[in-house]
Q: 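What follows is a structure written as structure tokens; I'll ask about it next.
All figures in this text were calculated on a predicted structure; none of them were measured in a lab. Just so we're on the same page: letters track the sequence lines, and every chain starts at 1.
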Amino acid sequence: MTLADALPALPLDAYRGPTLEVARWLIGKMLWSRIDGELTGGIIVETEAYVASVDPAAHGYRGETPRTRSMFGPPGHAYVYVSYGLHHCLNVVTEPAGEAAAVLLRALEPRAGLDIMRNRRGEHCHDRDLCRGPGRLCQALGITLREDGAPLSGPDLWIAEASQGHQWAVATSRRIGISRAVEWPWRFFVPGSQFVSRGMPRGARPDESAVQ
DNA sequence: AAGGGGATTGCCT
DNA sequence: GGCAATCCCCTTA
């Protein structure tokens, strides 16, 4: 899969809507990066919604800080932060500017530039592990704090429809790795996909409304 | 001014 | 399955 296979970036307006709807809608879309001239990309198979106005687990819940500034910015832009001092995590900012809300991209099914991903992740990395987890995804695609605040409309980082219009089933569950609002079913993923970051945790269920 | 804790990962047992 | 790594941010004193 090369640049010629990439469809144009989705319009930034598409991210302005309710975060939970955007989080579900993003499943099955392609995330592309062309960082350091290297093209990489994959199908989004796992997301989580964070809405600071009501969500104690969200960054920005206690107001804007230097780290969370992008989360308060306009929709369709990247919010990248450093986790545990060493891993990067990529969010898509949602809702109108001023509302701190975003969708965390947790896993991709790698489709383009797998050799590049392996250069970054390790030569012995199995396909399945290249983008399985928010930190791994960023490492595989070369995403760092440099991309924080960047619009997801290219040319370095963008989200587009997948070239084959495959319909993916979507399931929901509790979010991973948080200690507040732990019961909220705000995680969306492709059930059965080997590229999802973990097996189905407690509380997981098929999401009927998203299965076509 | 100091300390606790994290939207994680990889390696160890 | 458990735990260390690692650093900065935010909370509390």
Q: So do the side chains of A:Leu141 and A:Cys131 get within less than 4.5 Å of each other, counting heavy atoms only?
A: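 Answer yes - side chains close enough.
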
Q: Given the ring of A:Phe189, does A:Arg187 sit roughly above its face, with NZ or CZ under 6.0 Å from the centre of the six-membered ring and within 45° of the axis?
A: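 Verdict for A:Phe189: a cation-pi partner in A:Arg187.
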
Q: For A:Trp184, which of A:Ile178, A:Asp55, A:Thr172 qualifies under side chain to side chain contact (heavy atoms under 4.5 Å, CB included)?
A: A:Asp55

Q: When Watson-Crick pairs (N1 to N3 and N6-O4 or O6-N4) and G-U wobble pairs (N1-O2 and O6-N3) count only below 3.5 Å on both distances, what is the dot-bracket string of DNA chain B, with | for other-strand pairs?
A: ||||||.|||||.

Q: Aromatic rings A:Tyr79 and A:His59: how do their planes relate, parallel, tilted or perpendicular, breaks at 30° and 60°?
A: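 Geometry flag for A:His59 against A:Tyr79: perpendicular rings.
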
Q: Determine: side-chain N/O of A:His59 to OP1/OP2 of B:dA7, distance under 4.0 Å, yes or no.
A: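 Yes, A:His59 has a side-chain N/O under 4.0 Å of OP1/OP2 on B:dA7.
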
Q: Are A:Trp25 and A:Tyr15 close enough that their ring centers fall under 6.0 Å?
A: yes

Q: Can you see if the side chain of A:Arg180 gets near the phosphate of B:dG6 - specifically, an N or O under 4.0 Å from OP1 or OP2?
A: no

Q: How is A:Ile178 classified with respect to the nucleic acid when contacts are heavy atoms under 4.0 Å: base, sugar-phosphate, or nothing?
A: sugar-phosphate

Q: What verdict does the side chain to side chain contact (heavy atoms under 4.5 Å, CB included) test give for A:Val190 and A:Val170, after you've listed the backbone C-alpha separation in whole Å, the side-chain angles of each residue and the deciding distance to 0.1 Å?
A: CA-CA 5 Å; A:Val190 176; A:Val170 179; 5.7 Å; no

Q: Write down the distance between CG (A:Asn91) and P (B:dA7), rounded to a whole number of angstrom.
A: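 Rounded to whole Å, this separation is 11 Å.
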
Q: Rounding to a whole Å, what distance do you find between A:Arg128:CZ and B:dG10:C1'?
A: 15 Å

Q: Using the P atom on both, measure C:dT6 against B:dA2 and round to a whole Å.
A: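 Taking atom P in both C:dT6 and B:dA2, they lie 23 Å apart.
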
Q: Tell me, do A:Leu39 and A:Ile116 make a side-chain contact under 4.5 Å, heavy atoms counted?
A: no

Q: Hey, does the side chain of A:Arg132 come within less than 4.0 Å of B:dT9's phosphate (OP1/OP2), counting only N and O?
A: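 It does not, given that no N or O in the side chain of A:Arg132 lies less than 4.0 Å from OP1 or OP2 of B:dT9.
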
Q: Whole angstrom is fine here: how far is it from CG in A:Asp129 over to C1' in B:dC11?
A: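 So the two atoms are 14 Å apart, to the nearest Å.
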
Q: A:His88 NE2 to B:dG6 C1': how many Å, rounded?
A: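 It is 15 Å, rounded to the nearest whole Å.
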
Q: For C:dA4 versus B:dG4, give the span between their P atoms, rounded off to a whole number of Å.
A: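 The answer is 15 Å between these two P atoms.
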
Q: Show your reasoning for whether salt bridge (charged side-chain N to carboxylate O under 4.0 Å, His left out) applies to A:Asp129 and A:Arg132.
A: CA-CA 5 Å; A:Asp129 295 324; A:Arg132 191 164 61 91; 2.7 Å; yes

Q: Mind running side chain to side chain contact (heavy atoms under 4.5 Å, CB included) on A:Leu90 and A:Leu31 for me, showing each step along the way?
A: CA-CA 11 Å; A:Leu90 171 66; A:Leu31 173 67; 3.9 Å; yes

Q: Nearest whole Å is fine: how far is B:dG6 C1' from A:His87 NE2?
A: 11 Å

Q: 5' to 3' on DNA chain C, which nucleotides open and close the contacts with chain A (atom under 4.0 Å from a heavy atom)?
A: C:dT6 to C:dT11

Q: In whole angstrom, give the distance that lies between atom CD of A:Gln139 and atom C1' of B:dG10.
A: 11 Å

Q: Taking the side chain of A:Ser179 as heavy atoms from C-beta outward, which of B:dT8, B:dG10, B:dG6 is closest to it?
A: B:dG6

Q: Any base atoms under 4.0 Å from A:Arg121, or only sugar-phosphate, or nothing? Heavy atoms, all strands.
A: sugar-phosphate

Q: What is the distance, rounded to the nearest whole Å, between atom CZ of A:Arg67 and atom C1' of B:dG5?
A: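 Those two atoms, CZ and C1', are 11 Å apart.
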
Q: Heavy-atom distance under 4.5 Å between the side chains of A:Lys29 and A:Glu161, does that happen here?
A: yes

Q: Just the rounded figure in Å: distance from C1' of B:dA7 to CG of A:Leu137.
A: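 Interatomic distance, CG of A:Leu137 to C1' of B:dA7: 13 Å.
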
